[in-house]
Amino acid sequence: MAVVVAGSLAVAGCATDQGTAPSRGGGTSVPAASPVPTAPGPAGAAPPSRGGAAVAPVVVLDPGHNGANAAHPAQIQRLVPDGRGGTKPCNSTGTATDAGYPEHAFTFDVALRTEEALEAAGVRVVLTRPNDTGVGPCVDVRGTAGQREDAAAVVSIHADGAAASGSGFHVALSDPPLDPVQAGQAHVLGTALRDALRAGGFHDSTYLGRQGISLRPDLAGLNLATRPAALVECANMRNPAEAAVVSSADGRQRYATALAAGILAYLHRPGA
Ligand code: ZN
């Protein structure tokens, strides 16, 4: 089972995340943002070895949103740093299928399945939340999880809530990049995830981004990450065909298998 930290990466990349009216004076149970020193060293590099024994690489998986967010609006609307000098709400409720299957349940289940596949391959996984019944954590705490855990990669898992006619996945990256990792290795990670999702039978978004990649300035989790980080919007939950896939255990396993394959391809890329 993965270690769980009190933080994680990710802002909402979902269309339905955008309309939350921020308010001040929220509750205190969500961890407050605190500056985290950037750990030196090559992010995303091959695992170091000590005494000849390889050390398992660490990957942070960040399941978007949380099951009790909707019941705690003051806490999740509290403003936190967005990584570009502004602020945005701590977190959001996420979207849902028309039948009511919530994004937070989807992201947590896919994260657990992805964790299982990665740990079977010798990767140590850290989740940004321990269950699907809590509040938060805030996007700034999620966004700095990679550096706290000395992670080789950080992958935030979401699903979108767009117009029903649109479908497909997209991988969001911080842009304009705020450091060389965001400009370089994050793109390598994002491309590996994109290619693995394609290989897993999923298609590029028909309504957002280009070639399955979306360059975004507004996602705090990505902006604040100093380790290679990407946010995957796996599907459009408002599209009937994709709603059926995300609502099924088989469909969620397919997403997890593809995400794990993409992460492993990134970790084991030539020259890493
Ligand atoms: Zn989301």
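Whatever order the structure lists ligands and atoms in, that order sets their numbers, starting from 1.
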- Test ring pair (Phe, Tyr, Trp, His ring centres under 6.0 Å) applied to Phe106 and Tyr255, step by step: CA-CA 10 Å; Phe106 169 78; Tyr255 281 109; 5.7 Å; yes

Of all the N, O or S atoms in [X], which has the shortest distance to the Zn ion (ligand 1)?
{"X": "His158", "answer": "ND1"}
{"X": "His65", "answer": "NE2"}
{"X": "Glu103", "answer": "OE2"}

- Message: Just verifying a value: how many Å separate Asn236 CG and Thr206 OG1, rounded to the nearest 0.5 Å?
- Response: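 Rounded to the nearest 0.5 Å, the CG-OG1 separation comes to 8.0 Å.
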
- Message: Please determine whether side-chain hydrogen bond (donor to acceptor under 3.5 Å, both in side chains) holds for the pair Thr191 and Arg269, giving the CA-CA distance in whole Å, both sets of side-chain angles, and the decisive distance to 0.1 Å.
- Response: CA-CA 12 Å; Thr191 301; Arg269 68 195 183 280; over 6 Å; no

- For atom CD of Gln253, is the number of surrounding heavy atoms from other residues, nucleotides or ligands below 6.0 Å larger than 12?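 Enclosed: over 12 neighbouring heavy atoms sit under 6.0 Å from CD of Gln253.
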
